[in-house]
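Notes follow the structure.
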Protein chains: 2
Amino acid sequence: MAVWKNTVPSKDELYESKRAALLREAAAAFNRRGFHATSLDEIAQNLGVTKAALYHYFPNKQTLLMACFEKAMDVAFDSLARARQQEATGRGRLRLTLALYLEQMLDELSACVVLMEENALTPPDHARMVQMRDRFEQALRDLVRDGIADGSIVACDPKLAMFTILGALNWIPKWFRHSGPWTATQTTAAVSDLFERMLSSAPAPALARDVGLMPLTTAK
Amino acid sequence: MAVWKNTVPSKDELYESKRAALLREAAAAFNRRGFHATSLDEIAQNLGVTKAALYHYFPNKQTLLMACFEKAMDVAFDSLARARQQEATGRGRLRLTLALYLEQMLDELSACVVLMEENALTPPDHARMVQMRDRFEQALRDLVRDGIADGSIVACDPKLAMFTILGALNWIPKWFRHSGPWTATQTTAAVSDLFERMLSSAPAPALARDVGLMPLTTAK
DNA sequence: AAGCGGGCCGACCGCCCGTTCAATCCGACG
DNA sequence: CGTCGGATTGAACGGGCGGTCGGCCCGCTT
């Protein structure tokens with residue numbers, strides 16, 4: 001019996017994996033079509049179940065949205081922590097944070113950037129979400145400030161810079177398709193290059209002319 | 001009677017100005033809260049009338065959305081034409097196009113960038129909208145190509161560059177507030193500087209440290 | 001073999017909101 | 001002052017969708 005522990009999914013594992021699949025599907029739909037435009041019937045149908053089945057995993061639609069958001073924020077803060085550890089300059093940390101975040105969003109989560117349509121949440125959830133998002137944005141602005149201080153980033157307004165970069169980032173789910181010509185890794189690298197060039201004190205003299213020709217995996 | 005023609009609003013002028021006000025209000029609401037999250041009651045209330053009154057100006061909610069979109073595209077192509085006339089290099093044309101578009105979006109129209117939630121339109125309207133949007137995006141990519149060819153823009157992937165820039169642009173209505181610390185003109189200039197730095201073959205060595213300290217009006 | 005229980009289904013409820021319509025208001029005009 | 005017509009209203013309708021509930025199916029246990 002114990003032999004099978006890691007190969008045959010237990011009841012709980014099955015439950016969790018289904019729940020995760022639901023979360024991914026919901027996140028993808030919310031990002032592509034918007035929260036209000038996505039019906040539970042739609043999500044359920046994509047998963048091959050009935051709407052009522054969803055209620056075994058989430059008490060209501062709002063909670064589903066909140067769960068997407070929290071997972072996204074987990075990824076965000078995790079990316080930030082890893083970048084702080086691996087990179088020394090403000091620019092390096094900023095770039096790595098954004099790249100780790102984006103790549104995970106793109107392939108793990110079908111992008112959970114549901115920072116929009118926040119008004120759909122209950123006031124306490126909304127407050128919690130705004131607070132976490134602001135903390136993340138503040139951390140990113142601080143990276144920009146660090147970069148300006150250590151000379152790796154040009155003089156600029158950190159607030160505007162991050163508004164602009166996060167806008168571009170949040171928009172990516174609208175046009176990125178896994179079935180498209182670019183892989184998640186290629187897209188991440190190319191977008192990071194653009195962001196870096198915008199802020200670097202030593203901007204690259206050239207960028208990739210064709211994202212589809214970039215390396216298919218991250219060089220390690 | 002004819003004396004008053006240009007001072008006292010005629011019936012038609014009144015009708016048109018009310019219709020325009022409705023369009024502005026709707027555009028602002030759609031951009032801030034999303035199409036599906038915005039109820040007609042809400043728009044009507046902000047205008048001091050009843051929901052039913054709106055139906056004297058638009059046959060239904062979808063048409064309202066489509067009208068917003070078409071106005072935005074008018075501004076877009078107009079900006080493009082003016083930029084082509086005034087600027088010689090690809091970079092100059094791209095920058096001016098984006099700046100004209102953004103500034104008009106910000107103050108005239110409360111930003112009508114409702115390229116999202118497209119699924120809300122009827123198939124014919126949707127097709128029409130996609131076609132116009134694609135034409136505009138193509139024109140912008142061509143400006144990037146021109147810029148690369150004439151040396152004003154670095155080697156890069158025009159498609160990705162415009163996806164990124166338009167993403168950042170489309171996100172601006174989410175955070176820009178007329179009551180905020182930055183004017184539309186300041187914001188436009190600062191954002192344009194960021195975009196330009198991302199793509200220019202001769203990136204500026206420094207940018208404004210504080211958007212709120214930039215000139216309040218465009219220098220002419 | 002029988003019983004148990006979790007997972008899922010079909011059907012239904014109720015609300016919200018887009019849409020309609022008859023009735024009313026109000027300014028213009030004769 | 002009466003009438004006409006467009007603008008606006010209040011009330012109602014109907015569909016869509018989030019959410020609920022009772023029951024069925026099926027695998028596991030004893």
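So you know, we letter chains A, B, ... as the sequences are listed, proteins then strands, and number each from 1.
- Within the structure, the salt bridge (charged side-chain N to carboxylate O under 4.0 Å, His left out) test picks out the following pairs touching residues 95-104 of chain A (sequence neighbours left out): Arg95(A)-Asp193(A), Arg95(A)-Glu196(A).
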All N/O donor-acceptor pairs, side-chain side in residues 57-66 of chain A, below 3.5 Å, sequence neighbours left out:
unit_1, atom_1, unit_2, atom_2, d
Asn60(A), OD1, Gln62(A), N, 3.3
Asn60(A), OD1, Thr63(A), N, 2.9
Asn60(A), OD1, Thr63(A), OG1, 2.7
Lys61(A), NZ, Phe35(A), O, 3.1
Lys61(A), NZ, Thr38(A), O, 2.8
Gln62(A), NE2, Ala120(A), O, 3.3

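- Every residue two or more places apart in sequence or in another chain was checked for a side chain to side chain donor-acceptor pair (under 3.5 Å) with Arg19(B), and none qualifies.
- The interatomic distance linking Tyr55(A) (OH) with dA11(C) (C1') rounds to 15 Å, in whole Å.
- A salt bridge does not link Lys159(A) with Glu137(A): none of the charged nitrogens is closer than 4.0 Å to a carboxylate oxygen.
- Between the P atom of dT19(C) and the CG atom of Leu54(B) lies a distance of 11 Å, rounded to the nearest Å.
- Legend: salt bridge (charged side-chain N to carboxylate O under 4.0 Å, His left out) pairs involving residues 25-38 of chain A, not counting sequence neighbours, sorted by first then second residue: Arg33(A)-Glu42(A).
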List, with names and distances, any nitrogen or oxygen atoms from the protein found under 3.5 Å away from nitrogen or oxygen atoms belonging to nucleotides 4-10 of chain C.
unit_1, atom_1, unit_2, atom_2, d
dC8(C), OP1, Lys18(A), NZ, 2.8
dC8(C), OP2, Tyr57(A), OH, 2.9
dC8(C), N4, His56(A), NE2, 3.4
dC9(C), OP2, Thr50(A), N, 2.7
dC9(C), OP2, Thr50(A), OG1, 2.7
dC9(C), O5', Thr50(A), OG1, 2.8

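- dG16(D) atom C1' lies 13 Å from atom CD of Glu42(A), rounded to whole Å.
- Regarding Lys61(A), its NZ atom lies at a distance of 12 Å from the C1' atom of dG19(D), rounded to whole Å.
- Between the P atom of dC16(C) and the NE2 atom of His36(B) lies a distance of 19 Å, rounded to the nearest Å.
- When the side chain to side chain contact (heavy atoms under 4.5 Å, CB included) test is applied to Thr183(A), the partners found at least two apart in sequence or on another chain are Thr185(A), Gln186(A), Leu216(A).
- Between the CG atom of Asn60(B) and the P atom of dT20(C) there is a distance of 8 Å, rounded to whole Å.
- The distance between atom CZ of Phe35(B) and atom C1' of dG18(C), rounded to the nearest whole Å, is 10 Å.
- Counting to the nearest Å, the P atom of dG18(D) and the CZ atom of Phe58(A) are 15 Å from each other.
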